[in-house]
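All values below were derived from every heavy atom in this structure, side-chain atoms included, with hydrogens, water molecules and symmetry-related copies excluded.
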Amino acid sequence: MTGNQSIVTEFFLTGLSQYPELQLSLCVLCLLMYLIILLGNSFLIIISIIDSHLHTPMYFFLGNLSFLDICYTSSFIPALLITFMSERKSISFIGCALQMVISLALGSTECLLLAMMAYDRYIAICNPLRYSIIMNKTLCIHMAAWSWILGSFFALLQTVLAMILPFCGNNVIDHLTCEVLALLKLVCSDITLNILVMTVASIVLLMLPLLFIFFSYVFILSSILRIHSAEGRKKAFSTCSAHLTVVILFYGSALFMYMKPKSKDTKMYDEIVGLSYGVVTPMLNPIIYSLRNKEVKEAVKKVLHKQLHFWKI
């Protein structure tokens, strides 16, 4: 130990620890929602693979999004359930680093994937005759791959820069998970570089994709309004309504969580809202795409019909 610095081997997660009854309720609720996330997103992935009509760029990106949501929630919900049920609410140094890098990488990748999906919808609506040429298999793979690569790079960079810093002998994180901002509060050295990297990452992974999505939909809506028939406008809008709903839910929840005023009196409320943001959106994504998409409905009907026919035989 040197001065007030010490080697930290584990962290204690004290978020909502003063509300044991609430933790038990949240444990049951999170478990149920996690099961819905696993079932719903797995179902979408399987449907998009086995039905040839869904072998399109939109469902390729949707499959990536569903897989991402499964991995994202799996990075923290099982550990959170164990923490809720355990008296010793701790996580190892390596475990904390892994949880941080995985959740940051997947959250960042989701922002980029939503932007890629907006581009796909823009080409489908604004340039339908060249859609199959522009949105070819190679381009789709590159778009998805770079989304994962960029998200993972910035997550790894932020995590490494945070975990190599000296801690002030304090290993208590006042949060439910290993969140980078909560962890940086324990550091006893300059974090200017960390803040700079986080700012750049926020611009590249949050603001630029959001602007790209916004302008994509400006052009999409402009094209839809130029369609003469009401039926044509309805059909065109229906092809992107599910994606638009997911974008509003994802970014709307994020903006609400991070832009609302913070106060000590609302600490419990902030923790619950943060947890809801990480769980509710991945749970609703497959529901939204299933309810608002005719192709998915038709694919589900075909699968059910085949299964019923099989059982009759």
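Taking the six-membered ring where the residue is Trp, F93 and F11 present parallel rings, their angle staying beneath 30° rather than reaching 60°. Ring-plane geometry between H243 and Y217 is classed as parallel, the angle between the planes falling under 30 degrees on a 0 to 90 degree scale with a further cut at 60.
Residues I45 and I70 are in side-chain contact: their nearest non-hydrogen atoms beyond the backbone lie under 4.5 Å apart. Two residues are said to be in side-chain contact when any heavy atoms from C-beta on lie closer than 4.5 Å; P57 and Y131 meet this criterion. Taking 4.5 Å as the limit, every side-chain heavy atom of Y59 sits out of range of all side-chain heavy atoms of I47. I134 places a side-chain heavy atom less than 4.5 Å from the side chain of Y119. The shortest distance between side-chain heavy atoms of T245 and Y289 does not fall below 4.5 Å. The shortest side-chain heavy-atom distance between L112 and L205 falls under the 4.5 Å cut-off. Residues L24 and F84 fail the side-chain proximity criterion, which asks for heavy atoms closer than 4.5 Å. Residues C240 and I220 are in side-chain contact: their nearest non-hydrogen atoms beyond the backbone lie under 4.5 Å apart.
Distance alone, capped at 3.5 Å, is enough to place a donor-acceptor pair between the T199 side chain and the I195 backbone. The backbone N or O of Y72 lies less than 3.5 Å from a partner atom in the side chain of S75, making a donor-acceptor pair. Side chain of D51 to backbone of S48: no donor-acceptor contact under 3.5 angstrom is found. Using modelled atom types, no side-chain atom of N285 and backbone atom of N41 make a donor-acceptor pair closer than 3.5 Å. With hydrogens and angles disregarded, no donor-acceptor distance shorter than 3.5 Å links the side chain of S42 to the backbone of L39. With S66 contributing its side chain and G63 its backbone, the two residues share no donor-acceptor pair below 3.5 Å.
Summarising the geometry, atom SG belonging to C178 is positioned 6.5 Å from atom CG belonging to L183; distances are rounded to the nearest 0.5 Å. Distance check, rounded to the nearest 0.5 Å: CG of L113 to CG of D120 gives 12.0 Å. A distance of 8.5 Å separates CE in M116 from CD1 in I213, rounded to the nearest 0.5 Å. Going from atom CZ of R233 over to atom CD1 of I224 covers 10.0 Å, rounded to the nearest 0.5 Å. E110 contributes atom CD, which lies 5.5 Å from atom CG of L114 (distance to the nearest 0.5 angstrom). For the atom pair L157 CG and S152 OG, the distance stands at 12.5 Å (nearest 0.5 Å).
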- request: Please assess W148 against L68 for the test side chain to side chain contact (heavy atoms under 4.5 Å, CB included), listing each intermediate value before the final yes or no.
  value: CA-CA 10 Å; W148 285 91; L68 183 148; 4.0 Å; yes

field: side chain to side chain contact (heavy atoms under 4.5 Å, CB included) evaluation trace for F250 with C111
entry: CA-CA 9 Å; F250 180 81; C111 297; 3.5 Å; yes

task: Show the numbers, then the answer: is there a side chain to side chain donor-acceptor pair (under 3.5 Å) between N127 and Y122?
output: CA-CA 8 Å; N127 204 346; Y122 161 74; over 6 Å; no

field: From CA spacing to verdict: side chain to side chain contact (heavy atoms under 4.5 Å, CB included), M143, M135
entry: CA-CA 10 Å; M143 288 167 69; M135 296 302 295; 4.1 Å; yes

message: Between L176 and L26, is the side chain to side chain contact (heavy atoms under 4.5 Å, CB included) condition met? List the steps.
response: CA-CA 12 Å; L176 289 168; L26 285 174; 5.6 Å; no

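Within a 6.0 Å radius of NE2 in H53, no more than 12 heavy atoms belonging to other residues, nucleotides or ligands are found. For CZ of F67, the number of neighbouring non-hydrogen atoms (other residues, nucleotides, ligands) closer than 6.0 Å is 12 at most.
L211 and V246 are assigned to two separate hydrophobic clusters, defined by single-linkage of ILVMFWY side chains at heavy-atom distances under 4.5 Å. By the criterion of side-chain heavy atoms lying less than 4.5 angstrom apart, applied directly or through intervening Ile, Leu, Val, Met, Phe, Trp or Tyr residues, L165 is grouped together with M163 in one hydrophobic cluster. The cluster map of Ile, Leu, Val, Met, Phe, Trp and Tyr, joined by side-chain heavy atoms under 4.5 Å apart, puts L150 and I203 in different clusters. Following chains of ILVMFWY side-chain contacts shorter than 4.5 Å, one cannot reach L31 starting from I82, and the two form parts of different hydrophobic clusters. A continuous path of Ile, Leu, Val, Met, Phe, Trp and Tyr side chains, each step under 4.5 Å between heavy atoms, connects L181 with F167, placing both in one hydrophobic cluster.
Minimum interatomic distance between P78 and Y34 (heavy atoms only, all atoms of both residues): CG-OH, 3.9 Å. Across L81 and C27, no two heavy atoms sit closer than the pair CD2-O, 3.3 Å. Nearest heavy atom pair, residue A155 against residue A105, reads CB-N, 3.2 Å. The minimum heavy-atom distance between P286 and L44, with the atom names listed, is CA-CD1, 3.4 Å. Closest approach of R226 and S222 over heavy atoms only: NH1-OG, 3.0 Å. When all heavy atoms of T177 and I173 are compared, the closest pair comes out as O-CG2, 4.1 Å.
No option in V28, T73, V280, L38 other than V280 meets the side-chain contact (heavy atoms from CB on, under 4.5 Å) test with M33.
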